Amino acid sequence: SAVISQKPSRDICQRGTSLTIQCQVDSQVTMMFWYRQQPGQSLTLIATANQGSEATYESGFVIDKFPISRPNLTFSTLTVSNMSPEDSSIYLCSVVGTGGYGYTFGSGTRLTVV
Amino acid sequence: GDSVTQMEGPVTLSEEAFLTINCTYTATGYPSLFWYVQYPGEGLQLLLKATKADDKGSNKGFEATYRKETTSFHLEKGSVQVSDSAVYFCALREGYQKVTFGTGTKLQVIP
């Protein structure tokens with residue numbers, strides 16, 4: 001299965017600033033997703049990162065707050081903009097490889113906003 | 001839409017006890033089913049999966065059988081260890097769509 005490198009692994013940020021999280025995969029993948037896991041909660045899908053076009057956002061998430069890029073089949077970024085303490089979460093990149101059911105998660109970025 | 005319901009935790013067991021974590025799902029088609037595990041301070045790892053009815057996924061002594069008639073995918077282990085302490089998420093996916101997760105069940109195994 002694909003191996004995902006997600007950076008940074010953790011960060012502490014000031015409110016009002018932005019943080020960009022990178023997701024690098026060691027092979028070309030069909031689908032890339034960004035999830036959020038708020039403290040003590042399950043995972044919620046933020047958006048599907050589409051190669052060469054705008055990301056597809058889930059209800060409750062907007063591009064201005066969570067801009068996403070996916071310039072090729074192995075790389076994507078998620079930016080958390082104008083952060084507030086409510087954005088403190090773990091953010092995870094996930095991919096589906098070519099050939100179907102393999103579904104891999106990155107190790108996550110633990111974000112704390114102060 | 002798709003949904004996953006799993007038993008609330010925390011579940012506290014003594015070492016070598018039998019574990020069952022219940023999971024049921026609702027889906028419009030024929031999903032693939034997964035169990036993910038999240039150890040303290042770590043990311044999410046795929047524990048096991050099943051892609052069609054009656055399939056049994058297994059890994060590290062854990063098992064789960066895809067039961068279409070009861071729309072269930074219960075996680076079991078015959079003898080848990082302290083190192084199994086983690087949060088377990090049941091999940092489903094239809095085709096190449098997003099994964100839908102349950103709320104997670106925290107397992108604590110005491111010596």
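Keep in mind that this is a model prediction, so the values were computed, not measured. Lettering of chains follows the sequences in order, A, B, ..., and the numbering in each one begins at 1.
Rounding to the nearest 0.5 angstrom, the gap separating the CZ atom in B:F101 from the OH atom in A:Y35 is 5.0 Å. Rounded to the nearest 0.5 angstrom, A:S42 OG and B:Y36 OH are separated by 11.5 Å.
B:V4 and B:M7 fall within a single hydrophobic cluster, where Ile, Leu, Val, Met, Phe, Trp and Tyr are joined by side-chain heavy atoms under 4.5 Å apart, directly or via other members. Residue B:V80 is grouped with residue B:Y88 when hydrophobic side chains (ILVMFWY) are merged at heavy-atom distances under 4.5 angstrom, including chains of intermediate members. Note on B:L75: it clusters hydrophobically with B:Y39, by side-chain heavy-atom contacts below 4.5 Å among ILVMFWY residues. Clustering ILVMFWY residues whenever any of their side-chain heavy atoms sit less than 4.5 angstrom apart, transitively, puts A:L78 in a cluster other than the one holding A:V25. B:L19 and B:L47 fall within the same hydrophobic cluster, defined by Ile, Leu, Val, Met, Phe, Trp and Tyr side-chain heavy atoms under 4.5 Å apart, directly or through other members.
Only the side chain of A:Q37 comes within contact range of chain B, with at least one heavy atom under 4.5 Å from a heavy atom of that chain. With a 4.5 angstrom heavy-atom cutoff, B:F89 touches chain A only via side-chain atoms. With a threshold of 4.5 angstrom between heavy atoms, A:L43 approaches chain B through its backbone and through its side chain. Contact of B:V99 with chain A is made through backbone and side chain together, with heavy-atom distances under 4.5 Å. For B:Q45, no part sits under 4.5 Å from any heavy atom of chain A, backbone or side chain.
Contact tally against chain B (heavy-atom pairs below 4.5 Å) for A:L45, A:T48, A:L92: the top residue is A:L45.
Other residues, nucleotides and ligands contribute at most 12 non-hydrogen atoms within 6.0 Å of the CD1 atom of A:I12.
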